[in-house]
Structures are given as C-alpha cells and as structure tokens.
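Contents: one structure, followed by commentary.
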Amino acid sequence: MTADFTGRTALVTGSTSGIGREVARQLATRGAHVLVSGRDAERGAATVEAIRSSGGKADFIQADLADPASVQQLAVRAIELGGQVDILVNNAGLFPFAPTAEVPQQEFDEVYAVNVRAPFFLVQALAPAMAERGNGAIVNVTTMVATFGLAGAAVYGSSKAALQLLTKTWAAEFGAAGVRVNAVSPGPTRTEGTASMGSSLDGLATTTPLNRVGKPEEVAAGIVFLASDTAAQIHGVVLPVDGGRLAV
Ligand code: NAP
C-alpha cells in the first residue's frame, strides 16, 4: 500500500541535501506540501524546483538551526506557508568525527545545537498544535552510533543518543493526544555529507550484514513509512535502516 499524504504539510529539516532531500521528494510524490529547509538557498531552490517540475508542491524556508532565533522563525514561517504542520522530520544533522581530546568546545556546542537543541525547540513550537488537532507525526533521524560506541563519534553519537531518548519521551508526552513520535537510525549512507569520508564509509559498511553503503532513498523509505498512517500503531520506536548493523 502506498501511503497518501494529500492535504498534509511536512516540514523536513536538512532537505537541501542527502537523506532529507530524498524524504522531501518521496513525501511530495505522495501528495504532501513539503517545506524544504536548510541554510543554502541555492540548493533549497533546486530541491523545490525538482519537486515542482515533477508535479509536487514545495516551498523553501531558509534557516540556520545552530541559531535559536532562526529555529523559532522556521516554525513560524512553516505555519504561515503550510497553514499548519502535520509532519515534522528532524533530519538536519552535523556529524564530525574526531577523538575526544581534539574536539573544540565550539564544535561540541554546534553539534548539540543542530542535533539536539533545534529538534527540541521545533517540537516545542509545533507539537502542541498537532496535539490540539489530535493528529501529527514526528520522525527524528539519529544514527547507528547512538546505540554502540565508535571511537571518534563521542560528540556525534551522544547527541543522537539524546535525540533517541527524546523520541521516546515525546512519544510518552504527546502519544495520547494522537501525535506519533518515532526515529530512524541510519547506517552508512552515500550522501553529499559523507562524500568526504571516502573509503572509510565503505569500511563502515563492511561491518554490516548487507555489506554495502546504503542509499538515501532506502533511508527515506523508513522515514516516510513512520510518518504515514500505515504506522498508526507505532509510537516511540527507533527503526534501524542500517543494513543490519545493530543486529550483529
Ligand atoms: P548531508 O548530505 O550533509 O545533509 C545535511 C543537511 O542538513 C543539509 O540539507 C544541510 O543543509 C542541513 N544542515 C546542516 N547544518 C545545518 C544548520 N546549521 N542549519 C540548517 N540546516 C543544516 O547529510 P546526510 O548524510 O543526508 O544526513 C542526514 C541526517 O542523517 C543527519 O542527521 C545525519 O546525522 C544522519 N545520518 C546520516 C548517515 C550517513 O551515512 N549519511 C548515517 C547515519 C545518520 P544546508 O547545507 O543547506 O544548511
């Protein structure tokens, strides 16, 4: 069964690139009005143009999620453009890898601002209205390294582990009001963001049963499923879309 999002508005953070852009495309293909967001206006316009030229509905909202004022503005603008926000995909993320001894404080703060603080305040701004309407879906994008220890992933992994716990907390907080909150935990996936990792991305993929790097559309499929009414009974899960890495 193909999920139908006709009449729904979806805000997808970090949808100027990679996994988020593919989520935006898949949601728009299924009828959603997609609000594409990121810092890069040129990539945002290209994403919107691609969706519109395939007959979909999309608008771009520029936002820097490291800036709390910009996060608030994003929520306000999303409601202005969409009328309401029915689906929120907290996908934007920073994933620098470095030994703990070498992490500058500024980098720690920026990763936590984008990966934890921004989703927190977007949910604060948007989930209560979903709860009042008795309907909404939130999908957070985490990572397999939020579940197991990987040297070099202290800041990144711990920030996404916070987002995984927030997923469960929000499911408990908003679930009774009809708002479902879930997460997808991707494994190594080929995107613009991982291009600089070169062969180490393929090296990570060899640790998965699937034994290959994932594709953005494969991760997006999991996110779109959790955002859909097909997942009506599913609250507070973290769905691994990682070639089986968390199974072994
Ligand atoms: P990507 O290609 O680097 O895309 C990241 C997106 O986040 C871009 O659209 C970027 O937009 C946006 N973004 C980054 N910083 C931002 C900021 N300060 N304000 C607003 N937007 C910002 O990344 P990806 O590989 O698709 O990853 C997407 C998500 O999946 C991330 O949360 C990542 O942690 C997670 N993930 C990825 C992998 C993987 O192997 N690719 C594995 C596990 C988890 P602008 O540049 O336009 O600002």
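Below, all heavy atoms of this structure are taken into account, side chains as well, without hydrogens, waters or symmetry copies. Whatever order the structure lists ligands and atoms in, that order sets their numbers, starting from 1. Throughout, numbering of the chain's residues begins at 1 and tracks the sequence.
Evaluation of the side-chain hydrogen bond (donor to acceptor under 3.5 Å, both in side chains) rule for Arg133 yields no partner, not counting sequence neighbours.
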Next item on the list: Start with the C-alpha gap between Leu65 and Leu74, add the side-chain angles, then the distance that decides, and say whether side-chain contact (heavy atoms from CB on, under 4.5 Å) holds.
Entry: CA-CA 9 Å; Leu65 299 183; Leu74 172 59; 3.8 Å; yes
Next item on the list: Dump the intermediate steps for side-chain contact (heavy atoms from CB on, under 4.5 Å) on Arg117 and Val71, then the final yes or no.
Entry: CA-CA 9 Å; Arg117 187 175 67 196; Val71 172; over 6 Å; no
Next item on the list: Before giving the answer on side-chain contact (heavy atoms from CB on, under 4.5 Å), spell out for Phe5 and Asp86 the whole-Å C-alpha distance, their side-chain angles and the decisive distance to 0.1 Å.
Entry: CA-CA 10 Å; Phe5 293 96; Asp86 305 292; over 6 Å; no
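Here Thr169 contributes atom OG1 and Leu163 contributes atom CG; the two are 10.5 Å apart, rounded to the nearest 0.5 Å. Here the CD1-CD distance, from Ile61 to Glu80, works out to 8.5 Å after rounding to the nearest 0.5 Å. Residue Ile87 holds its CD1 atom at 12.0 Å from CD1 of Ile223, rounded to the nearest 0.5 Å. Annotation: the span from Asp59 atom CG to His33 atom NE2 amounts to 4.0 Å, rounded to 0.5 Å. Between atom OG of residue Ser228 and atom CG of residue Leu27 there is a gap of 9.5 Å, rounded to the nearest 0.5 Å.
Of all protein heavy atoms, the one lying nearest to atom 21 (N) of ligand 1 is Gly38 CA, 3.9 Å. Summary of contacts: the protein heavy atom closest to atom 37 (C) of ligand 1 is Ile19 CD1, 3.9 Å. Among protein heavy atoms, the minimum distance from atom 27 (O) of ligand 1 is reached at Phe95 CE2, 3.7 Å. Of the protein's non-hydrogen atoms, the one nearest atom 18 (N) of ligand 1 is Asp64 OD1, 2.9 Å. When hydrogens are left out, the protein atom nearest atom 3 (O) of ligand 1 is Gly193 CA, 3.1 Å; that is the closest non-hydrogen contact. Remark: minimum distance from atom 46 (O) of ligand 1 to any protein heavy atom is reached at Arg43 NH2, 2.6 Å. Among protein heavy atoms, the minimum distance from atom 28 (C) of ligand 1 is reached at Asn91 OD1, 3.3 Å. In terms of protein heavy atoms, atom 42 (C) of ligand 1 is closest to Gly187 O, 3.2 Å.
Polar contact check, Leu65 against ligand 1: a nitrogen or oxygen pair lies under 3.5 Å apart. For the pair Gly20 and ligand 1, the shortest N or O to N or O distance does not fall below 3.5 Å. Residue contacts with ligand 1: Pro186 is placed with no nitrogen or oxygen under 3.5 Å of a nitrogen or oxygen of the ligand (distance criterion only). The shortest N or O to N or O distance between Thr143 and ligand 1 is not below 3.5 Å.
If you look at Ala118 next to ligand 1, there are no close heavy atoms at all, none under 4.0 Å. Contact annotation for Glu110 and ligand 1: no heavy atom of the residue comes within less than 4.0 Å of the ligand. Only the side chain of Lys160 comes within contact range of ligand 1, with a heavy atom under 4.0 Å; no backbone atom does. With a 4.0 Å cut-off on non-hydrogen atoms, Thr189 touches ligand 1 through its backbone as well as its side chain.
By the 4.5 Å heavy-atom criterion applied to side chains, Phe95 and Thr194 are counted as neighbours.
Heavy-atom proximity to Gly93, at under 4.0 Å, picks out these atoms of ligand 1: 7 (O), 31 (C), 32 (O). Counting the atoms of ligand 1 from 1 in the order shown, those under 4.0 Å from a heavy atom of Thr194 are 39 (C), 40 (O), 41 (N). Under a 4.0 Å criterion applied to the non-hydrogen atoms of Ser17, ligand 1 contributes the atoms 1 (P), 2 (O), 4 (O), 8 (C), 9 (O). The distance from ligand 1 to the heavy atoms of Pro188 drops below 4.0 Å at these ligand atoms: 40 (O). Residue-ligand proximity, Ala63 to ligand 1, at heavy-atom distances under 4.0 Å covers atoms 19 (N), 20 (C). For ligand 1, the atoms sitting less than 4.0 Å from at least one non-hydrogen atom of Val141 are 29 (C), 30 (O), 35 (C), numbered in the order shown with element in parentheses. Contact atoms of ligand 1 toward Ser15: 9 (O) (distance under 4.0 Å to a heavy atom of the residue). Each of the atoms 2 (O), 26 (O) of ligand 1 lies under 4.0 Å from some heavy atom of Gly18.
Nearest heavy-atom pair across Ala131 and Phe174 is CB-CD2, 4.4 Å. Considering every non-hydrogen atom in both Ala92 and Asn115, the closest pair reads O-OD1, 4.3 Å. Heavy atoms only, all atoms of each residue included: Tyr112 and Val155 are closest at CE1-O, 3.8 Å.
Salt bridge absent: Arg180 and Asp229 never bring a charged side-chain N and a carboxylate O closer than 4.0 Å.
Side chain of Arg21 to main chain of Val36: no donor-acceptor pair is present (N/O by atom type, distance under 3.5 Å, no hydrogens or angles). Checked by atom type and distance alone, the side chain of Ser70 never pairs as donor or acceptor with a backbone atom of Ala63 at under 3.5 Å.
Between the choices Gly14, Pro119, Ala146, the shortest heavy-atom distance to atom 12 (C) of ligand 1 belongs to Gly14. Of the candidates Asp40, Thr142, Asn90, Thr142 brings a heavy atom nearest to atom 35 (C) of ligand 1. Taking only non-hydrogen atoms, the option from Thr191, Val71, Val12 nearest to atom 25 (O) of ligand 1 is Thr191. Of the options Leu163, Thr16, Thr13, the smallest heavy-atom separation from atom 47 (O) of ligand 1 is shown by Thr16.
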